[in-house]
Amino acid sequence: MTENGDSTTRPIISVENLVVAYDRTEETVRAVDGVDLKIEPETIVGLIGPNGAGKTTLLKTLLGLVSPTGGYVRVDGADVAEHPHRAHATMAAMLEGARSTYWRLTVRENLEFFSRINAAGRGDERDRIREVIDRLNLDDLSEEVVNDLSRGQKQRVSLAVALVQDTEILFLDEPTLGLDTAASLDLQASLVELAEQQGMTIVLSSHDLDAIESVCHRGVVLDDGHIVADDDVENLVDVFRTEVYELVVEGQLPPAARSEIDRTYDLVSCTELRDRTTLEVAVPDAGRIHELTGTVVAHGSQIESVRTLEGSLEPVLDSLSFERSEPLERRPLRGAP
Ligand code: ATP
């Protein structure tokens, strides 16, 4: 706490009114469209969203690889566009699809190379490389040529190359993509350890919602370049756990009932069989389930059963595929300024 009782921490990453537009032949695409984001040190933030939501563009802009069309990104107080070298000293990245390692060199040679060019003067190089090799269980692989490794092993080497740069911030684009379950869990455990033991700030994008739920403190949901939800991952899951209901109704649902439900709630799916109709409906507030069942009954239908569907982050993404009358509530991280 500060002297005036303020328990908030200075953000290590500040993004204000960020716009990134790509010019295409026929149109301009606003991949990031007015994003505001503050990230406190030592947190792990997960960027979630459907394909094309703007996650990779946002990560690349945070890294200074893509220039903002509007707004700014400050990393550790430095404007990334104006002072790229200062900002780069504090961050490393593992971008999916990017060849962040030299495949003809051994694991150790890669670590030495990247440590020398990006972390010269930061402590003893040999100690740092040793520590990274131990942390990511690369001991048996350290003299292997990267090209000969499996995909999961290459992924671990890419992470090691990012870590050996000894920065405070790590950006990861789809870190668990293509990994088998065991390799993915190993990587997730390493990330949690890095934030807890080394005080790293990690921003990762992923479609792997299990990984987001088990690793991240905070989830930021992007859709069409906008942030549509931002909260502790636990709260995001909680919100959606109570939200999606399955209603089984006898016979066919009258069209008027269906359109009222569609207008008032989020009708996720409606499956009509001859003798029953199954609806999945996202209800914005658990208390309103009674209104929903009331609507069905008021239209003369009999309800056979109602149950909540198991909570997970999936509905967050699913709901983004359906038109909504208003965006999901944007909630600040607890304790955020
Ligand atoms: P995915 O989950 O599929 O990786 P994403 O959330 O990372 O998607 P982006 O890759 O940031 O989304 O893309 C956001 C939008 O910007 C998309 O409409 C995409 O087609 C467009 N886009 C991305 N990169 C470029 C580029 N270099 N030139 C033109 N348009 C681009």
Side-chain angles (χ1 to χ4, degrees), residues 13 15-37 39 44-73 75 80-81 84 87 91-100 151-152 154-155 158-159 162 169-179 184 187-188 191 202-216 218-231 233 236 240 312-324 327-328 330:
I13 299 172
V15 175
E16 204 163 295
N17 200 16
L18 186 70
V19 177
V20 181
Y22 293 113
D23 283 325
R24 296 213 192 128
T25 340
E26 308 236 311
E27 50 170 4
T28 298
V29 176
R30 286 166 84 96
V32 174
D33 197 1
V35 161
D36 293 303
L37 190 62
I39 296 176
I44 309 185
V45 177
L47 301 180
I48 315 161
N51 292 126
K55 306 178 295 292
T56 304
T57 302
L58 178 57
L59 279 182
K60 285 184 176 169
T61 317
L62 295 179
L63 270 165
L65 298 177
V66 170
S67 303
T69 311
Y72 68 77
V73 175
V75 172
V80 174
M91 48 195 185
M94 178 176 125
L95 299 180
E96 196 274 315
R99 283 189 159 222
S100 56
R151 178 165 186 160
K154 284 192 182 108
Q155 195 93 324
S158 297
L159 181 60
I169 306 170
L170 191 59
F171 295 111
L172 308 169
D173 199 5
E174 295 283 358
T176 57
L177 191 77
L179 300 189
S184 171
L187 191 107
Q188 291 172 35
L191 296 179
I202 301 174
V203 183
L204 62 94
S205 84
S206 185
H207 286 101
D208 179 350
L209 297 180
D210 288 340
I212 296 263
E213 284 185 58
S214 62
V215 165
C216 298
R218 176 179 170 193
V220 172
V221 184
L222 280 171
D223 185 26
D224 205 14
H226 305 281
I227 294 181
V228 291
D230 179 356
D231 205 344
V233 162
L236 275 181
F240 289 92
S312 95
L313 280 174
E314 293 290 353
V316 179
L317 287 185
D318 288 348
S319 66
L320 294 175
S321 319
F322 292 84
E323 263 186 50
R324 284 187 314 273
L328 296 170
R330 177 157 182 210

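Each ligand, and each atom within it, is numbered from 1 in the order the structure gives. Quick note: residue numbers are just sequence positions, from 1. The shown structure was predicted, so the numbers you read here are calculated from the model rather than taken from an experiment.
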Say whether [X], considering both its backbone and side-chain N or O atoms, lies within less than 3.5 Å of an N or O atom on ligand 1.
X    : value
G54  : yes
G52  : yes
E174 : no

I'd like to check which ligand 1 atoms, numbered from 1 as shown, lie under 4.0 Å from a non-hydrogen atom of [X].
X    : result
H207 : 2 (O)
A53  : 5 (P), 6 (O), 12 (O)
A31  : 14 (C), 15 (C), 16 (O)

Over all atoms of both residues, closest heavy-atom pair of K55 and G49: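 The pair with the smallest heavy-atom distance is NZ-O, 2.9 Å.
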
Side-chain heavy atoms of L172 within contact of L191, under 4.5 Å: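 Yes, close enough: below the 4.5 Å cut-off.
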
side-chain contact (heavy atoms from CB on, under 4.5 Å) assessment of D33 paired with L18: CA-CA 7 Å; D33 197 1; L18 186 70; over 6 Å; no

Would you mind checking which non-hydrogen protein atom is closest to [atom], with the distance to 0.1 Å?
atom                    : answer
atom 3 (O) of ligand 1  : N51 ND2, 2.9 Å
atom 11 (O) of ligand 1 : T57 OG1, 2.5 Å
atom 23 (C) of ligand 1 : Y22 CE1, 3.4 Å
atom 4 (O) of ligand 1  : T56 OG1, 3.8 Å

Identified side-chain contact (heavy atoms from CB on, under 4.5 Å) partner of L204 from the options L170, T176, V215: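 It is V215, the one option of L170, T176, V215 that forms the side-chain contact (heavy atoms from CB on, under 4.5 Å) with L204.
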
Member of V80, V35, L37 meeting the side-chain contact (heavy atoms from CB on, under 4.5 Å) criterion with V73: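 It is V80; the other options fail the test.
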
Option with minimal heavy-atom separation from atom 6 (O) of ligand 1, where the choices are R24, K55, K60: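 The option holding the nearest heavy atom is K55.
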
Roughly how far, to the nearest 0.5 Å, is the [atom2] atom of [Y] from the [atom1] atom of [X]?
X   : Y    : atom1 : atom2 : answer
D23 : T69  : CG    : OG1   : 8.0 Å
M94 : L59  : CE    : CG    : 11.5 Å
L47 : I227 : CG    : CD1   : 8.0 Å

Proximity of V29 to ligand 1 by residue part, where a heavy atom lies under 4.0 Å: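 The side chain, only.
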
